[in-house]
There are 2 protein chains.
Amino acid sequence: MKSTPPSSLSKDRLRLWLKLLKTSSAIEAELRRRLRDQFGSTLPRFDVMSALARSPEGLKMSEISTLLKVSNGNVTGIVERLVEDGHALRLAVPGDRRANRVKLTAAGSKAFAELAAEHEGWINEMLGEFGPEQIETLSDLLEAVLHPAEKDEKSGSAANAE
Amino acid sequence: MKSTPPSSLSKDRLRLWLKLLKTSSAIEAELRRRLRDQFGSTLPRFDVMSALARSPEGLKMSEISTLLKVSNGNVTGIVERLVEDGHALRLAVPGDRRANRVKLTAAGSKAFAELAAEHEGWINEMLGEFGPEQIETLSDLLEAVLHPAEKDEKSGSAANAE
DNA sequence: GGAATATATTTCAAGCTTAAAATTTTAGGT
DNA sequence: ACCTAAAATTTTAAGCTTGAAATATATTCC
């Protein structure tokens with residue numbers, strides 16, 4: 001039943017958003033479940049470890065929260081648990097006694113490497129249908145949502161990631 | 001030919017997922033912020049009210065949690081606050097003293113109608129660039145993520161290298 | 001130096017979320 | 001009736017998340 005009223009562009013956009021949310025949530029829920037069941041871990045922990053893994057010299061609390069776009073207080077708790085688990089440690093910052101530098105321990109690095117490999121496999125599995133062309137099409141459309149262009153722009157491709 | 005490594009389909013899928021998550025999270029965060037700042041409400045409350053608004057006769061707790069795909073205990077708390085606010089009320093289910101039927105109050109219906117109108121406007125604004133063709137393309141691609149058509153493994157193309 | 005301001009971080013209160021355990025009530029089987 | 005299993009819901013414990021208030025330290029400006 002195609003009961004779509006003619007001029008409901010607005011409703012169509014609303015439906016699109018709901019589908020986008022549903023898709024993202026479904027994948028996210030599956031990742032959380034697997035991290036939990038197979039590794040006793042969580043997505044927030046994974047995200048923090050991921051950020052730390054890219055900076056072997058460590059990151060300040062505020063750098064972590066900026067990178068992950070979450071609040072400072074949030075990071076405090078996650079790092080706290082990471083430290084308890086022996087996956088991270090806090091170092092003093094010479095010259096600034098307010099700040100901390102957080103760094104993965106050897107155990108943390110090792111654990112993250114395993115997690116990351118599995119994680120990539122899971123995503124690869126969940127998006128298994130997508131070939132290069134579809135990936136680019138979807139990526140470009142999402143980019144358009146994220147960064148609306150003011151005027152029509154004939155872009156070839158080549159937006160870069162961060 | 002950008003410097004994309006040859007066999008990184010797997011990495012490309014990973015990047016795609018990251019972008020999907022980023023896009024969805026950005027919109028969601030904006031919605032939460034506006035619900036909070038302009039209406040003193042939250043997305044979970046909005047979701048529950050939305051479900052209730054579609055069933056004027058009310059819904060059982062378990063029906064709400066099934067519809068929204070969240071846990072029972074979760075719904076308990078949200079409905080609790082909705083009732084405190086005078087937006088919902090609980091009715092007995094004749095013949096089953098275990099169950100509750102939750103229903104929007106008149107005030108709740110009115111409040112939701114306003115919220116819903118604003119909400120649609122926000123989405124329409126955030127997805128303002130998208131016309132019917134783009135909506136359909138994006139919708140179809142998301143559908144493919146959500147419900148992969150499992151065809152036989154036919155392609156021998158890309159076993160990925162790592 | 002000392003006051004005001006800015007920065008880095010934690011603490012707090014409130015709400016969301018889940019899985020698992022507990023409660024209450026209903027339904028079945030004997 | 002009695003016993004057991006199933007169903008609807010709440011409670012609990014733990015963790016995530018935020019914005020705002022609180023701490024502690026650093027910097028800037030007279």
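By convention in this document, chain letters (A, B, ...) are assigned in the order of the sequence lines, proteins followed by strands, and residues within each chain are numbered from 1.
- When atom types are taken as modelled, the side chain of R90(A) and the backbone of N100(A) share no donor-acceptor pair closer than 3.5 angstrom.
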Open item on the list: Can you build the contact string for nucleotides 5-12 of chain C? Use B for base contact, S for sugar-phosphate-only contact, and - for no protein heavy atom under 4.0 Å.
Closed with: --BSBBB-
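- Partners of T137(B) according to the side-chain contact (heavy atoms from CB on, under 4.5 Å) rule, which considers only residues two or more places apart in sequence or in another chain, are T137(A), L141(A), L141(B).
- Remark: side-chain polar atoms of T105(A) are paired, donor with acceptor, to backbone N or O of G86(A) under 3.5 angstrom.
- Residues of residues 19-44 of chain A having a heavy atom closer than 4.0 Å to DNA chain C, listed by number: R36(A).
- Counting all heavy atoms, side chain and backbone alike, G128(A) lies closest to R13(B) at O-NH2, 3.3 Å.
- Under a hydrophobic-cluster definition in which Ile, Leu, Val, Met, Phe, Trp and Tyr are linked whenever side-chain heavy atoms come within less than 4.5 Å, directly or via other members, L142(B) and L146(A) are assigned to different clusters.
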Pairwise N/O distances under 3.5 Å, protein to nucleotides 1-3 of chain D:
none

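- Rounded to whole angstrom, the span from the CG atom of L59(B) across to the P atom of dA8(D) amounts to 14 Å.
- A search for side-chain contact (heavy atoms from CB on, under 4.5 Å) contacts involving D140(B) returns E136(B), not counting sequence neighbours.
- Among all heavy-atom pairs drawn from H87(A) and A111(A), the shortest one is CE1-CB, 3.9 Å.
- When the side chains of ILVMFWY residues are joined at heavy-atom separations under 4.5 Å, either directly or via intervening members, L89(B) and L52(B) end up in two distinct hydrophobic clusters.
- For the pair R45(B) and G95(B), nearest-nucleotide mapping onto DNA chain C gives the more 5' position to R45(B).
- Note on residues 58-71 of chain B: pairs passing side chain to side chain donor-acceptor pair (under 3.5 Å), not counting sequence neighbours, are S65(B)-N72(B).
- When each of E125(B), E28(B), E118(B) is checked for a salt bridge (charged side-chain N to carboxylate O under 4.0 Å, His left out) with R34(B), only E125(B) meets the rule.
- Taking atom NZ of residue K69(A) and atom C1' of nucleotide dT17(D), one finds them 16 Å apart after rounding to whole Å.
- As rounded to whole Å, 10 Å separates atom P of dT18(C) from atom CG of L68(B).
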